[in-house]
Amino acid sequence: MPEFKTVRGMRDFLPEEAEMMKYVEGKARKTAELYGYKEVMTPVVESYELLATKAGEEVRLRMFAFKDLGGRMVALRPEFTPSVARLVATALRNEPRPYRLFCLGSVYRYDEPQRGRYREFWQSDFELIGSSKPEADAEILMLTASLMEAACLKNFAFRVGHVGVLRGIMSQEKLEDKVQNTVMQLMDKKQYDDAFKVVEEAGGSEKCLVVLRELVELKGGDVSDIVGKMKKCVKDYEEAVAATDNLNEILKLVAESGGKIDMIADAGFARGLEYYTGMIFEVYIPDLNVALGGGGRYDKLVELFGGEPTPAVGVAHGLDRMMLGIQMQETSLGTEKRKRVMVIPIKEELVGEALKIAQMLRSAGVTAEVEVMGRKMSKALEDADRKRMDFAVMVGERELKEGAAVVRDLAKREQNTVKIEEITDKIKS
Ligand code: AMP
């Protein structure tokens, strides 16, 4: 038999890692609850067309796409946004607005595996749909900061930009959408010279090239100063000016909300996904050069799927990368530790009693495992020690006759005979 391994880019989560993932998931769910986002669950497999419609070349080429046995072209979801937009255009179309929707689960991209980059990874996704107002964009930034804080990630910082600035310039220059998309993708990869060349070859004016060159240099932590400079730089391009005003409003609202969020405004910032129409952002921590989350405004997607024209803004957080961040920063998880107990029958005839005591403990919220290997007491106790359990309950005939069992504190190495109905209290105290 060959030794089976996981498929390239896929990982197992062993108990400790799985626990950490559950911890991060729990923080995302809590954030959804606090901000009023309702969870929806959508399929892992969706129609290729839905997923490819506005994803952009980057994601499109990296989809796990295949024909199912019925001959339908399908793919594993590379993100949640198209599924949520589909819901809003169909099953949820008559619900009152705004929609605050939340998804959590695995997504799939044929990325080159490396640290923080996998082919199966987990995202929490928040979508605020139905509002075009800057307070909606601000909320998405704020809840992302709340999630980072809840997960105890330190020194995180946002990089923010606005797709409308670059697109506004290119639209006024009458550059086709296709050219614009190529330019945005090159900018996303910071291949600015290649991007300028595409603009030039597509007929962009000399003035526009000067503006673009100047724009990509504009970035920094004094966001109102940078956005002011952006506005001056694009003054001859009406839509681009409106975009800088919109970005300014959003950042002002975030500041007014009172949260101290580190931000870098970056005029040359673009993101791989094609469907963005407004503010875009990513969140980073020091020493990890990949983003922990990213999102932005996408006002045209719901319409594209046959819904009413519906403005929307959203974010996806990379839970694997948040886990990596927690490990790197050596944050202690502060998870609530339940007491863990091993229940050991002294002989086979007492297994039923041991099972009954274990059930009693579980119903009081105590983790109870029963010795199921038929081992002798000394071996079973060694096993409980190895597993770092808190207590062992030894079920013996003599004590049972008195309605009791022996409770051993494994850390203190002390034991007492305790009435069965008092065992739970003894362990919990
Ligand atoms: P995107 O939809 O590309 O903006 O991705 C949202 C977030 O998902 C990113 O900010 C990352 O945290 C995470 N992410 C994207 N691609 C990967 C990957 N290949 N492996 C792990 N996490 C990823």
Side-chain angles (χ1 to χ4, degrees), residues 6-11 13 17 20-21 24-25 27-28 31 42 46 50-64 75-85 102-127 140-141 143-145 147-148 151 153 156-161 163 181 184-185 187-189 266 269-298 301 312-328:
T6 53
V7 171
R8 185 165 157 77
M10 304 286 164
R11 293 154 301 150
F13 284 71
E17 292 153 322
M20 191 177 270
M21 177 55 90
V24 178
E25 282 182 9
K27 297 296 175 190
T31 306
T42 60
E46 290 269 17
L50 174 98
L51 299 172
T53 292
K54 263 291 191 188
E57 201 71 352
E58 274 292 291
V59 171
R60 201 155 42 231
L61 292 175
R62 292 187 148 81
M63 279 205 273
F64 282 83
L76 305 185
R77 61 186 178 204
E79 52 162 337
F80 286 103
T81 307
S83 306
V84 175
F102 165 74
C103 302
L104 193 153
S106 57
V107 296
Y108 301 82
R109 294 183 196 172
Y110 207 80
D111 278 336
E112 200 45 40
Q114 52 191 278
R115 191 162 101 111
R117 200 178 294 282
Y118 319 103
R119 290 184 176 172
E120 178 184 54
F121 55 98
W122 271 257
Q123 284 187 338
S124 64
D125 181 87
F126 293 72
E127 309 285 356
I140 291 291
L141 288 165
L143 73 78
T144 297
L147 174 57
M148 298 297 136
L153 283 157
F156 59 87
F158 286 77
R159 180 179 179 216
V160 284
V163 170
N181 293 342
M184 299 304 270
Q185 272 157 31
M187 291 252 187
D188 185 27
K189 290 189 224 142
D266 184 347
F269 180 27
R271 280 171 52 73
L273 296 166
E274 256 166 40
Y275 51 64
Y276 290 116
T277 54
M279 180 276 295
I280 50 171
F281 71 97
E282 283 177 342
V283 58
Y284 288 87
I285 50 165
D287 304 321
L288 192 62
N289 62 351
V290 285
L292 267 55
R297 174 164 287 283
Y298 57 97
L301 199 60
V313 55
V315 58
H317 309 108
L319 304 186
D320 310 75
R321 291 186 186 170
M322 289 176 64
M323 261 175 73
L324 205 59
I326 290 168
Q327 283 163 338
M328 277 172 50

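Values in this document were obtained by computation on a predicted structure and should not be read as measured data. When a ligand or atom number is given, it counts from 1 through the structure's own listing order. No hydrogens, no waters, no symmetry mates; every other heavy atom, side chains included, goes into these values. Throughout, residue positions are numbered sequentially from 1 according to the sequence presented.
Near D111, meaning under 4.0 Å from one of its heavy atoms, ligand 1 places the atoms 16 (N), 18 (C), 19 (N). Of all atoms in ligand 1, listed by their number and element, those nearer than 4.0 Å to a heavy atom of G294 are 10 (O). Every atom of ligand 1 with a heavy atom of G293 under 4.0 Å away is listed here by number and element: 10 (O), 12 (O). Against a heavy-atom cut-off of under 4.0 Å, A316 is close to the following atoms of ligand 1: 6 (C), 7 (C). Under a 4.0 Å criterion applied to the non-hydrogen atoms of L292, ligand 1 contributes the atoms 10 (O), 12 (O). Residue contact check: G116 has heavy atoms under 4.0 Å from atoms 20 (N), 21 (C), 22 (N) of ligand 1. Near A291, meaning under 4.0 Å from any of its heavy atoms, are these atoms of ligand 1: 9 (C), 10 (O), 11 (C), 12 (O). Of all atoms in ligand 1, listed by their number and element, those nearer than 4.0 Å to a heavy atom of R271 are 1 (P), 4 (O).
Note on R62 versus E112: no salt bridge recorded, every NZ/NE/NH1/NH2 to OD/OE distance being 4.0 Å or above. Remark: R271 does not engage D188 in a salt bridge, criterion side-chain N to carboxylate O under 4.0 Å.
No donor-acceptor pair closer than 3.5 Å links the side chain of R77 to the backbone N or O of V107.
The shortest side-chain heavy-atom distance between Y298 and E127 falls under the 4.5 Å cut-off. The shortest side-chain heavy-atom distance between R117 and R321 falls under the 4.5 Å cut-off. Between M322 and L147, the closest side-chain pair of non-hydrogen atoms falls below 4.5 Å.
Among all protein heavy atoms, the one lying closest to atom 8 (O) of ligand 1 is Q123 NE2, 3.0 Å. Atom 20 (N) of ligand 1 has Y118 N, 2.9 Å as its closest protein atom, hydrogens excluded (heavy atom only). Protein heavy atom in closest approach to atom 2 (O) of ligand 1: R109 NH2, 2.9 Å. When only non-hydrogen protein atoms are considered, atom 13 (C) of ligand 1 lies nearest to G318 CA, 3.7 Å.
Of all the listed residues (Y284, F121, F281), F121 holds the heavy atom that lies closest to atom 16 (N) of ligand 1.
In this structure, R321 counts as a contact residue of ligand 1, since one of its heavy atoms falls inside 4.0 Å of the ligand.
A donor atom on one side chain and an acceptor atom on the other are found under 3.5 Å apart for Y284 and E282.
Residue R117 touches ligand 1 through backbone and side chain together, judged by heavy-atom distances below 4.0 Å. Residue-level proximity to ligand 1 for D320 is absent, since no heavy atom of it falls below 4.0 angstrom. For V290, no heavy-atom contact with ligand 1 is shorter than 4.0 Å.
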Show, in sequence, the C-alpha distance, side-chain angles and deciding distance for F13 and W122, and conclude whether the side chain to side chain contact (heavy atoms under 4.5 Å, CB included) test is met. CA-CA 12 Å; F13 284 71; W122 271 257; 3.7 Å; yes
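The aromatic rings of F158 and F281 sit tilted relative to each other, their planes meeting at an angle between 30° and 60°. Between F126 and H317, the angle of the ring planes goes over 60°, which puts this pair in the perpendicular group of the 30/60° scheme.
Crowding of F64 atom CZ: a count of heavy atoms from other residues, nucleotides or ligands under 6.0 Å exceeding 12.
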